[in-house]
Amino acid sequence: DGGITQSPKYLFRKEGQNVTLSCEQNLNHDAMYWYRQDPGQGLRLIYYSQIVNDFQKGDIAEGYSVSREKKESFPLTVTSAQKNPTAFYLCASGAGTETQYFGPGTRLLVL
Amino acid sequence: AQSVTQLDSHVSVSEGTPVLLRCNYSSSYSPSLFWYVQHPNKGLQLLLKYTSAATLVKGINGFEAEFKKSETSFHLTKPSAHMSDAAEYFCVVTLTDKLIFGTGTRLQVFP
């Protein structure tokens, strides 16, 4: 099956802890994106990557970090510097035609 | 600057009646516009996309949208609502290599 997978579905973070959200795609897309979704708001762009070994900050990058070592993978780390991490995180990929395809999301909760 | 405004945060309809979800956009050039749907705790699914071809765009599940440049609108419609249409709908405009999301409209469908 072609598509985007995100894991885990739910993730719990303790105070001061870094956590990493996984995103994998087998659509052969060059571009990948991470969004944060809060209740009553649209999606806000955290980071994006147009090509392997390159990525750019989005609108709300503070407290987050990413890597893009493989075309298929774009993991997001929520660092301890992110003071309000509770949200639904969505990963997407695209082939340069503007349309983005989304994964099922990871819900991050703080203990 | 590119932006979208979804005029209603909630819309309620009865099953079998028409659906209208309103979206106005602001763009300094001819934009690409999208509607995405999100069911609870799921990722986003593309409903339809406008890219300056036909102004009336047909999407999946019986939805369609009309691009009206004079009104800067891209409203989403469906002739007859189904219970399975209950979800959150996002109007989206492109900004170079990024997507700009509206704040969403939650559609409720009553039997």
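The sequence lines fix the lettering, A, B, ..., with proteins before strands; numbering per chain opens at 1. Predicted, not measured: the structure shown is a model, and the values here were computed from it.
Between atom CG of residue L99(B) and atom OH of residue Y33(A) there is a gap of 6.5 Å, rounded to the nearest 0.5 Å. In this structure, NZ on K42(B) lies 12.5 Å from CG on L90(A), to the nearest 0.5 angstrom. The OH atom of Y35(A) sits 9.5 Å away from atom NZ of K98(B), with the distance rounded to the nearest 0.5 Å. We find the CD-CZ distance between Q45(B) and F102(A) to be 12.0 Å, quoted to the nearest 0.5 Å.
A continuous path of hydrophobic side-chain contacts links V109(B) to I60(B) [ILVMFWY only; heavy atoms under 4.5 Å]. A continuous path of Ile, Leu, Val, Met, Phe, Trp and Tyr side chains, each step under 4.5 Å between heavy atoms, connects F88(A) with F90(B), placing both in one hydrophobic cluster. Transitive grouping of hydrophobic side chains (ILVMFWY, heavy atoms separated by less than 4.5 Å) keeps I60(A) and L44(B) in distinct clusters. Residues I4(A) and V52(A) are members of separate hydrophobic clusters, defined by side-chain heavy-atom contacts under 4.5 angstrom among Ile, Leu, Val, Met, Phe, Trp and Tyr. Taking hydrophobic clusters as Ile, Leu, Val, Met, Phe, Trp and Tyr residues chained together by side-chain heavy-atom distances below 4.5 Å, L108(A) shares a cluster with Y64(A).
In this structure, chain B has a heavy atom under 4.5 Å from the side chain of R107(A), while its backbone stays farther away. Only the backbone of Q41(A) comes within less than 4.5 Å of a heavy atom in chain B; its side chain stays farther off. Only the side chain of Q37(A) comes within less than 4.5 Å of a heavy atom of chain B; its backbone N, CA, C and O stay farther away. For chain B, the nearby part of Q50(A) is the side chain; its heavy atoms alone come within less than 4.5 Å. Only the side chain of T94(B) comes within less than 4.5 Å of a heavy atom of chain A; its backbone N, CA, C and O stay farther away.
No side-chain donor-acceptor contact under 3.5 Å links Y101(A) to the backbone of L46(B).
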Does L43(A) form a side-chain contact (heavy atoms from CB on, under 4.5 Å) with V92(B)? I'd like the steps, not just the answer. CA-CA 10 Å; L43(A) 277 66; V92(B) 181; over 6 Å; no
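In this structure, I51(A) places its CD1 atom where only 12 or fewer heavy-atom neighbours from other residues, nucleotides or ligands lie under 6.0 Å away.
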Output side-chain donor-acceptor pairs under 3.5 Å for residues 100-108 of chain B, partner residues at least two apart or in another chain, one line each.
residue, atom, partner, partner atom, Å
T105(B), OG1, Q6(B), NE2, 3.2
T105(B), OG1, D8(B), O, 2.5
R106(B), NH2, E88(B), OE1, 2.7
Q108(B), OE1, S12(B), OG, 3.3

